[in-house]
Amino acid sequence: MLMTNAIDVQQLAKRYDTSMALHGISFEVKPGEIMGFLGPNGAGKTTTLRILTGLLAPTGGRVQINGLDVTEQSLAVRRRIGYLPENVSLYPELRVQEYLTYRACLKGIARAQRRQRVDDVVGQCGLGEVRRSLIGRLSKGYRQRVALADCLVGRPDILILDEPTIGLDPHQIRQTRELIKSLGQHATILLSTHILPEVEIVCQRVTIINKGRIVAVDTPDNLRRRLAGHQAVQVELQGDAGTIEQALGQVPGVARVNQQLRNDGFTVFEVEAHPGQDVREAIFRLAVDRRWTLRQLSLVQTSLEDVFIRLTTQEQDS
Amino acid sequence: MRNLWALTVREWKAFWYSPVAYGVGGFFLLMQGWVFWLLMAVLNDPRVDPSWRMSQFFFGGTLFYWLSILMLAPLLTMRAFSEEKRTGTIEVLLSAPVTDAQVVVAKFLGAWSSFGALWGLTGFYFLLLRTYTRLDWGPILTGYLATILLGGLFISIGILASSLTRNQVVAAVMGFALMMVLFSVGFLDVFISDPQSSKLVSYYSVLEHVRQAAKGIVDTRPLVFYASGIGTVLFLTVRILATPRWRA
Ligand SMILES: Nc1ncnc2c1ncn2[C@@H]1O[C@H](COP(=O)(O)OP(=O)(O)O)[C@@H](O)[C@H]1O
Ligand SMILES: [Mg+2]
């Protein structure tokens, strides 16, 4: 049976006055998955998440959460999600417990269960010591946890977290990541970040966005391999696909060969090289030797590499 | 309903938990106390006309009355949306399952009830006065009614102004300016001789409404005016709040 995607984004576009922030992006998040949403600053992460939470209207495309349209059924969608905005802001004049009780009420937790629910999230987020403190007096780390507790208090199935570790110290970052991982056992999570190691630690899959376009959707492991400097070459040759694949595999420096689409006698192969190796010339000479017609020979995923260069790979840079 | 209540209580707390409340409240009560002191002086004057009602003096009879309403309404509402926009809490608020109408109405009710509470405190002055002289409670109550209704309209205007900017000072100035425009309509009367236009002006003249109410006269037309005015302004505010989500 086909399961409804927890989050389903199709051809989503957003224009701000004159500039396009999103050029028709599509991606899906499956129920129970922790999906990383990775991209450099200005890529369009916050814009996407704001549309998902109904704070912003899309210019084009469609977004469904649990099968509900975010613009048409905004209220129903908002009942199902917990949103952590990029810049955590809370009411400074309220006490932690008072604030969480208020939020639990807004999120439809019945009066009889409210107290218990607040106790639960206070425990989960390690807020026991500060539950009676004024929010305005809390440290940045504690405020972040209050915001996260608010995110959870309505028992959402879907958590949308916009750069949840930004501005925290390394110790708090570690704690927050552990917490997010543990939350992943009960909820679907979409987590945006511009820090590469963060998705490797927390996420099962990652969607990479750059300049309002999706660049790749993959597992963190695969991304690491692509990042390790493996050159990938796309080559289109005419001839028997099986023979060519075997021959390409024997070219010095080639790590893997994948057959891709076939078109009027030509076949596209994706050839992955070992780190630091350039296999393009060898492939060209092979084609000449064997008298295979070569129609295309190019490097692939340059856009991905471009993104990686601009991503923060070290915590200190964040 | 539960949302509306929770949101309104939050608004109430936002005002009363802040030191601003005690500055504004203290200043307001001092001003009204001064008005009462003047009132006592007039009452002790043997030359005063016996048909003169002190409610007419207290409600709309002095500059202080208008000044305090025209100051109180912007001060109570300037932070309503501006502050939430400036700090970013508006995102948290609107990503919760609440409707825009609930948010706007709660902001209105929160500020309006604070306004009512401050005016309610002036009731003590009347209780004090009662020990000196016999009071005619009818016009006093209608005076309060007019004040509360007028306050409601001005507060809805203040909320509207606050939804237009993230700067609370700008919101206060803008709200004050809009209130002044409405307040000034009453003075147009001086320039108008045609009875038809004069009737129209008196429908919009808050000055006239308060004067009438202070005499103990309750009319349905002002009631309709304030109810529809508040409704219209709040409706506009809901539309403004929803704009970023509709602007494609
Ligand atoms: N309110 C806005 N008005 C105009 N442009 C905006 C607005 N918000 C974001 N942008 C632009 O849209 C692009 C994407 O921004 P954003 O979604 O915040 O990226 P990210 O969260 O990935 O850093 C940026 O170029 C940014 O300047
Ligand atoms: Mg962002």
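What you are looking at is a predicted structure, and each value in this text was computed from that prediction instead of being measured. Convention: sequence-line order gives letters A, B, ...; per-chain numbering from 1.
- More than 12 heavy atoms of other shown residues, nucleotides or ligands fall within 6.0 angstrom of atom OH in Y16(A).
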Taking it one step at a time, do E91(B) and T53(A) satisfy side-chain contact (heavy atoms from CB on, under 4.5 Å)?
CA-CA 9 Å; E91(B) 293 225 319; T53(A) 50; over 6 Å; no

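- Here OG of S95(B) is found 12.0 Å from CG of L52(A). Values are rounded to the nearest 0.5 Å.
- With a 4.5 Å cut-off on non-hydrogen atoms, R111(A) does not touch chain B at all.
- Rounding to the nearest 0.5 Å places NZ of K85(B) at 14.0 Å from OG of S89(A).
- In this structure the side chain of V92(B) never reaches within 4.5 angstrom of the side chain of Y83(A), judged on heavy atoms.
- Of the atoms belonging to T99(B), heavy atoms from both backbone and side chain fall under 4.5 Å from chain A.
- In this structure, L106(A) and A6(B) approach most closely via the heavy-atom pair CD2-CB, 4.2 Å.
- Heavy-atom pairs under 4.5 Å with chain B peak, among G108(A), P85(A), A147(A), at G108(A).
- For E86(A), no part sits under 4.5 Å from any heavy atom of chain B, backbone or side chain.
- The residue among I51(A), L75(A), D150(A) with the most heavy atom pairs within less than 4.5 Å of chain B is L75(A).
- Scanning all heavy atoms of the two residues, the minimum distance from L94(A) to K13(B) falls at CD2-CD, 3.8 Å.
- Counting all heavy atoms, side chain and backbone alike, C105(A) lies closest to R2(B) at SG-CG, 3.6 Å.
- There is no contact between Q102(B) and chain A, counting heavy-atom distances below 4.5 Å.
- For the atom pair CG (N3(B)) and NZ (K107(A)), the distance works out to 12.0 Å, reported to the nearest 0.5 Å.
- Residue W137(B) places its CH2 atom among more than 12 non-hydrogen atoms of other residues, nucleotides or ligands, all under 6.0 Å distant.
- For residues 160-182 of chain B, an interface with chain A (any heavy-atom pair closer than 4.5 Å) does not exist.
- For R80(A), no part sits under 4.5 Å from any heavy atom of chain B, backbone or side chain.
- Classification of E93(A) and R10(B) as a salt-bridged pair holds, one side-chain N sitting under 4.0 Å from a carboxylate O.
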